[in-house]
Amino acid sequence: MGKDIDIVIKPKAYSQTEKILLKVMAMFDIHYYQITQFDRMRCWYIMDDKKHFGIHIDIIENEVYKGFEFFSFEKLYKNVEKYNGFYVLNKTMDTIMLLVQNIVAYKCLKNKYRTTIANNYALFKNGIDKEILSFWGDKLGRKMIDSLNKSDFDSIIENAYKYEKGAMKRIFLKRPFYTIKGITRFLCGKIHRVILCPRKFWRFIAVEAPDGTGKTTFIDSLVTELRRYYVSDEGRFCIHHFRPLILPNLGAVGEKAGVMKQDTDFTKPHRAKPAGKLSSFIRMTYYWVDYLIGMPYLLRKEVKAERYTIFDRYIFDFVVDPKRARISLPYWMRKMFARMVIQPQIVFVLNTEADVIYKRKQELELNEIKRQLDEFNKIESLCSNVVYIDAGQSVDEMTTQAIKIIFDKFLNKI
């Protein structure tokens with residue numbers, strides 16, 4: 001009935017399942033998909049921009065967490081019942097799965113799950129108690145049962161790490177060699193994703209434009225729309241402003257050292273005079289180092305769950321608008337610094353008439369807006385992944401155009 005579906009398949013039947021899913025997509029004229037694999041689970045995000053359709057399907061061979069198999073396929077399949085022609089977990093096993101997934105894996109329990117668990121527990125208490133004791137053992141199992149009898153879900157959350165540790169210990173002792181194999185597979189997958197092949201999983205976007213063009217509104221609209229397609233994965237999008245911020249602002253450093261007071265009046269981008277040549281070179285080098293060390297760290301961190309890394313402004317601002325950072329260095333030198341960092345896979349440059357921008361926001365003079373627009377039209381010389389979007393359109397039209405570009409860049413297509 002929903003758009004976030006878990007489907008349990010027989011082990012080694014994934015190739016057949018993949019063919020079926022692609023065939024169904026073709027039948028319904030759905031074109032884009034992304035597969036994110038975590039251990040033995042494949043998360044399918046199936047979507048189509050023309051139909052404004054998105055669905056999230058988890059293909060599961062067994063219930064596994066960090067290499068520890070909580071429930072085998074055989075265990076799950078023994079505990080099913082018929083529903084509208086499909087086999088679904090019976091209420092007892094469904095309750096156990098809700099507890100295990102949310103307590104052990106996520107350390108939280110949403111209100112809707114608490115209601116479901118409480119209702120099921122009132123009806124199927126004996127069966128659920130039996131499964132709890134089997135999974136967690138006598139000591140932790142009875143602690144869990146006592147909390148459920150009192151509907152004390154907060155206590156369960158408070159002891160989530162104990163439940164996680166206890167479950168892992170019991171699983172390891174029951175099947176040590178099988179568990180070691182699972183842990184090894186899990187760690188190898190993580191090494192492959194984060195260390196060996198992180199670039200394969202990058203989804204790195206930057207948005208550039210003069211002040212007043214509507215960057216923030218565009219980014220908010222873009223992320224809102226992408227979240228609709230990535231059903232139930234709202235945390236997949238990480239928005240950053242200008243720099244990775246591994247290194248603090250120089251103003252904050254100076255204020256902490258007691259040599260200056262930090263200027264936080266951001267309503268006037270060109271409020272301060274440019275620094276001298278030497279000071280500008282030091283400032284530029286300092287910020288460049290932030291990109292140099294910060295971007296690999298940031299991307300590796302966010303690639304763990306294949307998140308989108310979205311920057312509201314990027315290092316190109318030092319080339320186009322050096323006054324904002326009080327930098328007075330030659331154009332060629334600023335370009336050199338900008339080239340020597342990781343480049344976004346898509347740079348959206350929002351473009352419209354200078355008069356339109358000036359009417360929206362008077363932070364910059366009209367001539368300065370015109371100059372920046374001209375400079376932004378040249379940043380293709382710095383990065384080959386530039387896409388120009390007419391900011392004179394409605395936000396919805398801009399977002400629709402950007403979504404198509406993102407899908408074509410980052411998703412599989414049938």
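Only heavy atoms go into these numbers, but all of them, side chains included; no hydrogens, no water, no symmetry mates. Bear in mind the structure is a predicted one, so any value in this text is a computation, not a measurement.
With a 6.0 Å radius and a threshold of 12 heavy atoms from other residues, nucleotides or ligands, Tyr388 has its OH atom above the threshold. Within a 6.0 Å sphere centred on CD of Glu353, other residues, nucleotides and ligands contribute 12 heavy atoms or fewer. By the 6.0 Å contact criterion, CZ on Phe177 is open, its count of non-hydrogen atoms from other residues, nucleotides or ligands being 12 or less. Crowding of Lys165 atom NZ: a count of heavy atoms from other residues, nucleotides or ligands under 6.0 Å not exceeding 12.
The existence of a salt bridge linking Lys150 and Asp146 is confirmed by a sub-4.0 Å separation between a basic side-chain nitrogen and an acidic carboxylate oxygen. Using a 4.0 Å cut-off between charged side-chain N and carboxylate O, Glu61 and Lys10 make no salt bridge. A salt bridge links Lys125 with Asp129: at least one charged nitrogen is closer than 4.0 Å to a carboxylate oxygen. Taking a cutoff of 4.0 Å between a charged side-chain nitrogen and a carboxylate oxygen, Glu208 and Lys215 do not qualify as a salt bridge. A salt bridge does not link Lys169 to Glu164: none of the charged nitrogens lies less than 4.0 Å from a carboxylate oxygen. Under a 4.0 Å N-O distance rule, the pair Arg42/Asp58 does not qualify as a salt bridge. We find that Asp211 and Arg313 are joined by a salt bridge, their nearest charged nitrogen and carboxylate oxygen being less than 4.0 Å apart.
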Check: Given the rule in the salt bridge (Lys or Arg N to Asp or Glu O under 4.0 Å) test, do Glu63 and Lys75 qualify, once you have shown the distances and angles that lead to the verdict?
Finding: CA-CA 10 Å; Glu63 183 62 23; Lys75 172 72 174 178; over 6 Å; no
Item checked: side-chain hydrogen bond (donor to acceptor under 3.5 Å, both in side chains) between Thr400 and Glu397, intermediate numbers included -> CA-CA 5 Å; Thr400 298; Glu397 289 173 320; over 6 Å; no
Note to self: Please evaluate residues Val387 and Val349 with respect to the criterion side chain to side chain contact (heavy atoms under 4.5 Å, CB included), reporting the C-alpha separation (whole Å), side-chain torsions for both, the decisive distance (0.1 Å), and the verdict.
What the structure shows: CA-CA 6 Å; Val387 177; Val349 176; over 6 Å; no
Next item on the list: Take Asp138 and Arg142 through the test salt bridge (Lys or Arg N to Asp or Glu O under 4.0 Å) and record every step on the way to the result.
Entry: CA-CA 6 Å; Asp138 190 69; Arg142 295 200 179 281; 2.8 Å; yes
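Remark: the Thr36 side chain and the Gln34 side chain contain an N/O donor-acceptor pair separated by less than 3.5 Å. Residues His192 and Gln37 have side chains that never bring a donor and an acceptor to within less than 3.5 angstrom of each other. A donor-acceptor pair shorter than 3.5 Å can be found between the side chains of Asp408 and Tyr32. With no hydrogens or angles considered, no side-chain donor-acceptor pair links Ser147 and Asp152 at under 3.5 Å. For the residue pair Tyr45/Asp233, the side-chain donor-acceptor check at 3.5 Å is satisfied. A side-chain N or O of Glu69 and one of Tyr178 form a donor-acceptor pair less than 3.5 Å apart. Looking at Asp390 and Asn351, their side chains never bring a donor and an acceptor atom within 3.5 Å of each other. When only modelled atom types and interatomic distance are considered, Glu302 and Thr309 share a side-chain donor-acceptor pair under 3.5 Å.
In this structure a side-chain-to-backbone donor-acceptor pair under 3.5 Å is present from Trp136 to Tyr163. Counting only distance, with no hydrogens or angles, the side chain of Asp94 and the backbone of Leu89 share no donor-acceptor pair below 3.5 Å. With hydrogens and angles disregarded, a donor-acceptor distance shorter than 3.5 Å links the side chain of Arg243 to the backbone of Leu247. Checking side-chain atoms of Asn159 against main-chain N and O of Ser155 turns up a donor-acceptor pair under 3.5 Å.
Residues Met333 and Pro330 have side chains in contact (heavy-atom distance under 4.5 Å, counting atoms from C-beta outward). In this structure the side chain of Leu411 reaches within 4.5 angstrom of the side chain of Met47, judged on heavy atoms.
Listed by chain and number, the residues in a ring pair (Phe, Tyr, Trp, His ring centres under 6.0 Å) with Phe124 amount to none (sequence neighbours excluded).
You'll find the ring centres of Phe153 and Tyr113 outside the 6.0 Å limit. Outside the 6.0 Å centre-distance limit, the rings of Tyr287 and Phe337 are not counted as a close aromatic pair. Annotation: Phe242 is not in aromatic contact with Phe311 [ring centroid separation under 6.0 Å not met]. Centroid-to-centroid, the aromatic rings of Phe38 and Phe186 stay 6.0 Å apart or farther. Aromatic rings of Phe53 and Phe28 (six-membered ring for Trp) have centroids beyond the 6.0 Å cut-off, not under it.
Aromatic ring pairs are classed by plane angle as parallel below 30°, tilted from 30° to 60° and perpendicular above 60°; the pair Tyr65 and Phe70 is tilted. Between Tyr77 and Phe73, the ring planes are parallel. Angles under 30° get that label, and only those over 60° would be called perpendicular.
Annotation: cation-pi pair Lys82/Tyr87 present, NZ/CZ under 6.0 Å from the ring centroid and within 45° of its normal. Geometric assessment of Arg236 against the ring of Tyr308 yields a negative cation-pi assignment under the 6.0 Å and 45° thresholds. The cationic group of Arg334 does not satisfy the cation-pi geometry with Phe318, failing either the under 6.0 Å distance to the six-membered ring centre or the 45° limit from the ring axis.
Contact detail for Leu140 and Gly166: the closest heavy-atom pair is CD1-CA, 3.7 Å. When all heavy atoms are compared, the tightest approach of Leu373 to Pro210 is CD2-CG, 3.8 Å.
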